[in-house]
Number of protein chains: 2
Amino acid sequence: MPKPGPRLRLVDVAERAGVSLATASRALAGRDGVSAEVADRVRQVSRELGYVANPYARTLAGGASPTVGLIVHQIDDPYFSEIAGGVIQVAGEQGLLVQICHSGRNPEHELRQVRHLIAQRVGIILIAGSGYTDPAVEAEARRELSAFQDLGGRVAAIGRHHLGVDAVLPDNEAGGRALGEHLLSLGHRRIAIASAAGGLTTVEDRLAGVDAALRRHGRALTDLPVVRTEFTRDGGRVAAERILRDHPETTAILALNDSMAIGVLATLRAHRIAVPERISVVGFNDVSVAADLAPSLTTVRLPMTEMGRMALDLALKPRSKRPRRRSTGHTLVVRDSTGPAPAG
Amino acid sequence: MPKPGPRLRLVDVAERAGVSLATASRALAGRDGVSAEVADRVRQVSRELGYVANPYARTLAGGASPTVGLIVHQIDDPYFSEIAGGVIQVAGEQGLLVQICHSGRNPEHELRQVRHLIAQRVGIILIAGSGYTDPAVEAEARRELSAFQDLGGRVAAIGRHHLGVDAVLPDNEAGGRALGEHLLSLGHRRIAIASAAGGLTTVEDRLAGVDAALRRHGRALTDLPVVRTEFTRDGGRVAAERILRDHPETTAILALNDSMAIGVLATLRAHRIAVPERISVVGFNDVSVAADLAPSLTTVRLPMTEMGRMALDLALKPRSKRPRRRSTGHTLVVRDSTGPAPAG
DNA sequence: TTAGGGTACGTAAGCGCTTTCGCAAGCGCT
DNA sequence: AGCGCTTGCGAAAGCGCTTACGTACCCTAA
């Protein structure tokens with residue numbers, strides 16, 4: 001494995017600017033104790049020479065760690081890759097590095113990644129994805145992250161609020177409600193839900209929203225079949241098959257995310273079931289292909305890129321005593337996958 | 001910005017194992033000059049204590065840099081996110097960290113990212129995406145990368161072979177040929193091509209393949225309209241509009257990647273043009289949604305995840321004097337977006 | 001027996017940076 | 001003029017690691 005090569009060092013800059021190493025360091029870090037003109041000169045020289053600080057030396061010496069660790073379930077899931085896009089964008093602007101690792105939808109593996117990132121001395125940890133189902137693992141993660149924060153680390157969660165840390169949260173409940181209202185207003189009564197496993201923040205909140213909508217119409221979530229598989233296209237396929245088998249009278253399938261909805265659509269197509277004429281389908285998130293599917297998908301748009309940006313912004317802000325919440329807007333995007341409930 | 005906190009250090013492990021710092025270091029690095037039993041003891045203690053070396057200190061001291069920089073156009077493009085998935089997978093197995101940055105389809109920006117990664121002292125640089133169109137920028141990048149390699153850095157390219165470095169290359173030419181043959185064998189003669197800008201390896205190779213197929217039928221690429229936009233869904237939309245306007249007799253649109261094909265399909269749908277009855281559509285790459293589109297997309301499958309894996313593997317291998325090439329297989333995947341050319 | 005050579009380990013010198021500390025110069029005040 | 005104070009800067013001590021270099025020790029050969 002390779003070694004980094006000899007490069008421009010801070011001493012070189014300092015020498016060229018006619019100041020000491022310490023002064024150069026202070027000048028570039030924006031610390032005070034340096035006169036404005038000297039600071040300007042150093043910055044000028046640094047720019048001319050194209051100096052970039054060695055992040056390893058910097059971190060080792062007790063400076064800020066310039067790297068942010070981002071934990072996602074799987075980077076090739078569009079939901080996460082869009083979030084990552086936002087994080088990378090902000091990081092680029094700030095001169096930070098983004099390290100991405102996979103939790104693979106596995107709480108214990110995620111915990112391992114958290115530990116690894118901490119051991120690797122990243123400065124900031126961003127965790128995207130649904131929360132823990134295992135309270136023991138959850139508690140352990142909370143403990144690790146809290147210790148990390150006590151040592152000056154920054155943490156933010158994206159789309160979950162289990163960890164006792166700052167979080168960027170879409171209003172899943174309101175989104176779920178909007179979808180529920182939309183289907184009900186189209187006359188759908190036999191709605192089936194394609195959901196991921198229980199215990200996840202995302203899932204429970206969205207379901208709560210659907211429930212709220214139902215209750216306004218004198219019904220409740222408990223009246224509806226909720227099929228629990230996974231937040232993937234395959235999960236959607238499996239859920240759809242099960243719904244068609246066990247609840248053939250269904251006129252609308254509410255998938256709790258777009259990946260599942262895509263799987264549902266594919267399955268309905270395979271069964272030659274017309275969407276939305278026979279069955280309407282809705283998703284959640286509005287991943288970018290949603291608009292280009294056939295039929296295009298009615299869904300709730302979450303600003304995923306923006307969520308990534310916000311999360312890093314949040315983590316970059318000075319820490320507050322209590323965990324902060326930033327909520328993001330959501331928009332019901334009505335497209336071609338929903339229509340009036342079939343008569344009868 | 002946060003500081004990394006005090007953690008378990010190598011001295012702690014060394015003390016606990018009753019050896020000196022140097023010996024502990026050697027033992028964990030697998031260097032010789034340490035008796036087997038001592039080495040075992042150190043490794044044992046290290047494992048018990050959960051020791052993870054501080055990568056900053058390690059790199060600074062002249063050890064291997066544990067981080068690999070991956071440059072992609074945009075992480076939320078499925079082609080790149082699947083590649084990234086492969087890289088992250090291998091990196092995870094090897095205990096390496098992956099830093100992702102965006103080139104934004106801009107050669108100069110990509111060059112800047114290369115410089116930045118080098119300045120950040122990453123050990124390995126992986127570059128995905130199409131090559132340079134500007135020879136000056138290309139030459140400059142080549143120079144930087146070559147200097148980086150001379151200092152012990154490792155580099156591999158994914159899906160391009162411009163840079164004079166090791167590369168993982170899908171057989172774009174054969175893939176293009178397969179698509180061409182497929183359309184021709186279905187009787188299509190009025191084929192239009194939705195392409196990205198010229199000068200990119202990917203583009204030229206795929207086009208060359210199409211040309212080869214055409215020539216076997218006594219025709220040539222130059223007979224066909226080639227519309228050049230961008231490798232994105234929007235690019236596909238624009239290309240399709242232009243094709244419909246300027247070449248209404250077209251019976252098949254060959255898009256040079258799936259994103260474009262998705263845009264093409266969306267546009268045809270908007271124009272209520274039946275696919276594949278009136279116009280057949282093919283893409284390239286087989287991103288995962290391709291199978292779930294309606295109609296599902298005929299395309300050439302590239303093993304993107306595998307390409308990411310291979311690239312990192314390649315970079316991890318000892319460097320050879322001449323740039324190595326690894327080619328990947330490709331498979332024509334015939335789905336519902338292609339059918340016989342309409343009569344007449 | 002002793003010189004020579006290998007082996008196993010410890011000592012210590014850095015890697016490039018941040019930061020504490022100390023010193024000199026400049027200021028206002030008595 | 002003398003005192004303390006602030007301000008601007010340099011010297012030097014590490015951060016945790018790798019890696020020469022040095023030094024015991026043991027083995028073999030003469």
Side-chain angles (χ1 to χ4, degrees), chain A residues 1-42 46 49 51-67 95 118-123 151-152, chain B residues 1-42 46 49 51-67 95 118-123 151-152:
Chain A
M1 247 178 309
K3 309 180 179 192
R7 313 267 318 166
L8 200 61
R9 291 157 311 158
L10 184 53
V11 255
D12 303 325
V13 175
E15 239 166 55
R16 198 90 143 54
V19 297
S20 79
L21 178 60
T23 303
S25 169
R26 278 186 287 249
L28 293 182
R31 292 242 177 312
D32 44 37
V34 187
S35 66
E37 55 179 333
V38 169
D40 277 349
R41 183 150 36 96
V42 173
S46 153
L49 266 47
Y51 170 73
V52 178
N54 182 325
Y56 300 101
R58 175 186 292 224
T59 308
L60 187 58
S65 165
T67 110
I118 293 176
Q120 297 288 355
R121 277 77 172 175
V122 300
L151 294 171
Chain B
M1 248 176 307
K3 310 180 177 191
R7 313 269 316 168
L8 201 60
R9 291 157 310 159
L10 184 52
V11 254
D12 303 325
V13 175
E15 242 166 54
R16 197 88 143 55
V19 299
S20 80
L21 179 59
T23 303
S25 170
R26 279 186 287 250
L28 293 182
R31 294 241 178 309
D32 45 37
V34 187
S35 67
E37 55 179 335
V38 169
D40 277 349
R41 182 149 38 96
V42 173
S46 153
L49 267 47
Y51 171 74
V52 178
N54 181 326
Y56 300 100
R58 175 188 292 228
T59 309
L60 188 58
S65 166
T67 109
I118 294 176
Q120 299 287 355
R121 276 76 171 177
V122 301
L151 294 171

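So you know, we letter chains A, B, ... as the sequences are listed, proteins then strands, and number each from 1.
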Side chain of [X] only, heavy atoms from C-beta on: which candidate in [options] is closest?
{"X": "A:Leu10", "options": "D:dT18, D:dG16, C:dT18", "answer": "C:dT18"}
{"X": "A:Arg9", "options": "C:dC17, C:dC15, C:dA12", "answer": "C:dC17"}
{"X": "A:Leu60", "options": "D:dG10, D:dG16, C:dG10", "answer": "D:dG16"}

Under 3.5 Å on both distances, the Watson-Crick or G-U partner of D:dA13: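 Here D:dA13 is engaged in a pair, and the nucleotide opposite it is C:dT18.
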
Under the 3.5 angstrom rule, does the side chain of [X] hit a backbone N or O of [Y] as a donor-acceptor pair?
{"X": "A:Arg16", "Y": "A:Ala14", "value": "no"}
{"X": "A:Thr67", "Y": "A:Val122", "value": "no"}
{"X": "A:Arg26", "Y": "A:Arg31", "value": "no"}
{"X": "A:Thr59", "Y": "A:Pro55", "value": "yes"}

message: Set out, in order, the CA-CA distance, both residues' side-chain angles and the distance that settles side-chain contact (heavy atoms from CB on, under 4.5 Å) for A:Leu28 and A:Leu10, then state yes or no.
response: CA-CA 10 Å; A:Leu28 293 182; A:Leu10 184 53; 3.8 Å; yes

Over how many whole Å does the gap from [X] atom [atom1] to [N] atom [atom2] extend?
{"X": "A:Asp12", "N": "C:dG16", "atom1": "CG", "atom2": "P", "result": "9 Å"}
{"X": "A:Tyr56", "N": "D:dT18", "atom1": "OH", "atom2": "P", "result": "14 Å"}
{"X": "B:Arg121", "N": "D:dC17", "atom1": "CZ", "atom2": "C1'", "result": "17 Å"}
{"X": "A:Leu21", "N": "D:dG8", "atom1": "CG", "atom2": "C1'", "result": "16 Å"}
{"X": "A:Glu15", "N": "D:dA11", "atom1": "CD", "atom2": "C1'", "result": "15 Å"}

query: Could you state the interatomic distance from CG (A:Leu8) to OG (A:Ser46), rounded to the nearest 0.5 Å?
result: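 Those atoms lie 8.0 Å apart.
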
query: Of the residues in residues 23-41 of chain A, which ones touch DNA chain D at a heavy-atom distance under 4.0 Å?
result: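 Heavy-atom contacts with DNA chain D come from A:Thr23, A:Arg26, A:Gly33, A:Val34, A:Ser35, A:Val38.
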
message: Is B:Tyr51 close enough to D:dC17 that one of its side-chain N or O atoms is under 4.0 Å from OP1 or OP2 there?
response: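 The answer is yes; a side-chain N or O of B:Tyr51 sits under 4.0 Å from OP1 or OP2.
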
- request: Report the residues that fulfil salt bridge (Lys or Arg N to Asp or Glu O under 4.0 Å) with B:Arg9, sequence neighbours left out, ordered by chain and then residue number.
  value: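 Result, salt bridge (Lys or Arg N to Asp or Glu O under 4.0 Å) vs B:Arg9: B:Asp12.
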
field: Position toward the 5' end of DNA chain C (nearest nucleotide), B:Ser20 or B:Ala57
entry: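 Checking each residue's closest nucleotide, the 5'-ward one belongs to B:Ser20.
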
